[in-house]
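Report on the following structure.
Every heavy atom of this structure was used, including side-chain atoms; hydrogens, water molecules and symmetry mates were not. These numbers were taken from a predicted model, which means no experiment stands behind them.
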Amino acid sequence: MPQELLLQVSPEIASNELLLKDYLSKQIKVSVSEFQHVAILKRSIDARQKAIKINLKVLIYLQGEPFQEHKIELPDYKNVSTAQEVIVVGAGPAGLFAALQLIELGLKPIVIERGKDVRGRRRDLKAINVDHIVNEDSNYCFGEGGAGTYSDGKLYTRSKKRGDVTRILELLVAFGASGDILVDAHPHIGTNKLPQIIQDIREKIIECGGQVLFETRLTDILIKNNEVQGIVTQNGETILANKIILATGHSARDIFELLDRKKVFIEAKPFALGVRAEHPQSLIDSIQYSCDYRGEHLPPAPYSIVKQVNGRGMYSFCMCPGGVIAPCATSPGEVVTNGWSPSKRDQATANSGIVIELKLEDFKPYEKFGALAGMEFQKSIEQKAWHLAGETQKVPAQRMVDFTQNKVSSHIPKTSYVPGTTSVEMGQVFPGFLSQILREGFAEFGKSMRGYLTNEAILHAPESRTSSPVRIPRDAISYEHLQIKGLYPCGEGAGYAGGIISAAIDGEKCALKIAEVLKK
């Protein structure tokens with residue numbers, strides 16, 4: 001029988017197969033020559049002590065023990081070109097994994113996506129970065145693959161109870177992701193590698209008889225007797241189906257407005273909002289690893305921090321080691337920040353959203369907008385930031401210590417945010433209560449992470465698209481909208497997910513529910 005071991009080793013041993021085998025041979029008192037195969041099942045970093053260790057879970061196969069390399073393969077997808085059709089609105093992770101699940105269940109997905117295919121999006125990303133031009137249908141949030149494709153590809157989730165995380169990770173590996181994502185405690189594909197995987201998923205959907213329609217924006221949902229009949233697109237085309245998965249993402253404001261106009265029940269949802277803080281990666285390494293130089297065997301250090309400040313949670317969000325800050329506006333006249341890392345996480349800076357929990361009562365000045373009050377609150381801050389920074393895609397910026405002291409920074413160094421920054425006192429961007437919590441919170445962060453509170457850190461504002469400001473309510477059992485039959489709100493935009501993995505799981509769940517109904 002293969003032996004399973006839990007062990008702690010140095011980063012050097014963990015990163016060198018020969019050194020690891022030598023270490024294991026001493027642990028189990030068996031010669032390395034007797035080893036047939038060593039499988040690493042789980043890997044994580046323990047940086048709590050000065051001597052940093054790597055936690056490993058390994059399985060050792062000795063000579064003569066049955067061993068077969070486990071090859072992860074795609075399910076046996078059938079051709080569904082003549083099967084019953086289901087409309088999937090949105091080609092983010094929720095929509096794409098819903099489409100794959102529908103095919104597996106013998107149904108034909110018709111995926112419509114307002115943006116361009118994953119390669120075509122790149123021109124529009126260049127336009128917003130270099131020319132400050134925002135394409136409302138093709139940007140960091142909209143387009144094939146959704147918001148995660150060009151803003152990081154992080155695959156870890158706290159939503160373990162929501163579904164089978166391993167299944168989603170294995171599907172990604174089968175479509176070309178590194179097997180490391182099945183091993184690492186905080187798996188990450190990287191913005192440079194994810195586009196090819198997304199393209200391969202789309203090609204599989206089409207190969208199996210599904211449809212994927214780009215630059216096709218939903219402008220109306222056909223409803224009769226509180227039941228969906230189909231959709232209308234921006235060019236006037238009608239697509240009929242009595243089952244629709246609505247997976248449009250957390251930034252599809254026009255969809256929220258459409259539902260509100262049609263008196264389809266939606267509700268305001270609390271979310272979190274703040275700034276994106278950028279530090280030198282070497283500084284974060286020194287804080288987290290308690291060393292001047294992390295060496296070649298440790299990855300760029302991440303961090304995670306949570307504080308309660310004045311009765312509000314203030315926490316790091318979407319932390320990007322060795323990453324950059326990106327412009328994520330979806331309309332002209334607003335600025336929005338987010339962060340991403342390439343697969344090697346080899347950039348000189350680390351960035352993270354630092355955000356504060358909002359409450360429904362915070363949206364009271366916008367109560368005339370009803371269920372859209374939180375969205376209008378969010379929009380007002382993004383528009384104010386755009387105005388204060390000079391009405392381009394530059395964002396307001398301030399050194400961290402200067403912000404805590406209400407001082408305008410005399411000079412903002414060049415940061416990873418390509419469109420550029422404008423020195424602004426951040427208190428002008430946010431309502432007074434948010435500015436005060438941020439100031440006090442950064443002081444608390446500095447006590448927990450010595451060196452974190454520094455003027456080497458540059459704050460960029462706002463980080464405002466942490467999750468949807470609207471929930472599209474659905475039945476907990478059937479996943480159908482509470483009012484409209486055949487409508488399945490799904491993923492981040494509907495308020496039921498918070499990242500690539502949880503969105504993909506939710507997409508699969510909606511597809512399964514539809515199949516249950518159609519196959520009765």
Minimum heavy-atom distance between [X] and [Y], given as atom pair plus value:
X      : Y      : result
Pro299 : Tyr289 : O-OH, 2.8 Å
Pro489 : Cys510 : O-SG, 3.9 Å
Ala503 : Pro93  : CB-CG, 4.0 Å
Ala350 : Gln281 : CB-OE1, 3.1 Å
Phe142 : Asp137 : CB-O, 3.3 Å
Leu273 : Ser464 : CD1-CB, 3.8 Å

State, with a plain yes or no, whether a side-chain heavy atom of [X] is found less than 4.5 Å away from one of [Y].
X      : Y      : result
Ser304 : Met319 : no
Phe256 : Ile472 : yes
Ile128 : Asp124 : no
Ile201 : Ile205 : yes
Ile60  : Leu5   : yes
Gln36  : Pro2   : no
Val80  : Leu102 : no
Gln288 : Arg294 : no

Would you check, one step at a time, whether the test salt bridge (charged side-chain N to carboxylate O under 4.0 Å, His left out) holds for Asp46 with Lys53? CA-CA 5 Å; Asp46 185 346; Lys53 298 294 184 181; over 6 Å; no
Could you check Thr166 against Glu170 for side chain to side chain contact (heavy atoms under 4.5 Å, CB included), going step by step and ending with a plain yes or no? CA-CA 6 Å; Thr166 301; Glu170 287 186 344; 3.8 Å; yes
Please check this pair: side chain of [X] against backbone of [Y], looking for a donor-acceptor N/O pair closer than 3.5 Å.
X      : Y      : value
Lys243 : Val517 : no
Glu492 : Gly499 : yes
Lys269 : Ser468 : yes
Ser286 : Leu283 : yes
Asp184 : His186 : no
Glu382 : Val336 : no
Arg121 : Asn139 : yes
Glu113 : Gly143 : yes
Asp285 : Pro300 : no
Thr466 : Ala272 : yes

Are Lys204 and Glu207 within salt-bridge range, i.e. N to O under 4.0 Å?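 A salt bridge links Lys204 with Glu207.
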So, Asp506 and Arg474, do they make that salt bridge, N to O below 4.0 Å?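 Arg474 and Asp506: salt-bridged.
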Could you walk me through whether Tyr140 and Asn129 pass side chain to side chain donor-acceptor pair (under 3.5 Å), step by step? CA-CA 11 Å; Tyr140 277 97; Asn129 273 292; 3.0 Å; yes
When rounded to the nearest 0.5 angstrom, what is the spacing between [atom1] in [X] and [atom2] in [Y]?
X      : Y      : atom1 : atom2 : answer
Ile13  : His297 : CD1   : NE2   : 10.0 Å
Ile221 : Leu487 : CD1   : CG    : 5.5 Å
Asp254 : Thr248 : CG    : OG1   : 8.0 Å
Tyr61  : Met1   : OH    : CE    : 9.0 Å
Phe317 : Asn338 : CZ    : CG    : 7.0 Å
Ile110 : Thr216 : CD1   : OG1   : 11.5 Å

For Leu259, run the side chain to side chain contact (heavy atoms under 4.5 Å, CB included) check against Ile484, Val470, Leu246 and tell me which one passes.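 Checked Ile484, Val470, Leu246 against Leu259; only one passes side chain to side chain contact (heavy atoms under 4.5 Å, CB included): Leu246.
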Would Arg465 and Thr330 count as a side chain to side chain donor-acceptor pair (under 3.5 Å) here? Give the steps. CA-CA 11 Å; Arg465 306 286 179 95; Thr330 52; 3.2 Å; yes
Set out, in order, the CA-CA distance, both residues' side-chain angles and the distance that settles side chain to side chain contact (heavy atoms under 4.5 Å, CB included) for Val9 and Tyr23, then state yes or no. CA-CA 9 Å; Val9 297; Tyr23 178 90; 3.6 Å; yes
Would you please indicate if the ring centroids of Tyr496 and Tyr479 are separated by under 6.0 Å?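 Not close enough - the centres of the two rings lie 6.0 Å or further apart.
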Is the count of non-hydrogen atoms from other residues, nucleotides or ligands lying under 6.0 Å from [X] atom [atom1] greater than 12?
X      : atom1 : answer
Arg123 : CZ    : no
Glu267 : CD    : yes
Lys519 : NZ    : yes

Contacts of type side-chain hydrogen bond (donor to acceptor under 3.5 Å, both in side chains), residue Ser416, not counting sequence neighbours: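 Result, side-chain hydrogen bond (donor to acceptor under 3.5 Å, both in side chains) vs Ser416: Glu278.
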Before giving the answer on side chain to side chain contact (heavy atoms under 4.5 Å, CB included), spell out for Ile198 and Arg202 the whole-Å C-alpha distance, their side-chain angles and the decisive distance to 0.1 Å. CA-CA 6 Å; Ile198 296 298; Arg202 176 233 307 163; 5.8 Å; no
Derivation of the salt bridge (charged side-chain N to carboxylate O under 4.0 Å, His left out) call for Arg312 and Glu357: CA-CA 6 Å; Arg312 306 261 187 163; Glu357 292 177 326; over 6 Å; no
With distance as the sole criterion, is a donor-acceptor pair present between the side chains of [X] and [Y] under 3.5 Å?
X      : Y      : answer
Ser341 : His188 : no
Thr337 : His460 : no
Lys193 : Ser178 : no

Give me the ring orientation class for Tyr303 and Tyr452: parallel if the planes are under 30° apart, tilted from 30 to 60°, perpendicular past 60°.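 Perpendicular.
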Run the side chain to side chain contact (heavy atoms under 4.5 Å, CB included) test on Ile500 and Leu194 for me, step by step, so that the C-alpha distance in whole Å, both residues' side-chain angles and the decisive distance to 0.1 Å come before the verdict. CA-CA 11 Å; Ile500 291 172; Leu194 196 50; 4.2 Å; yes
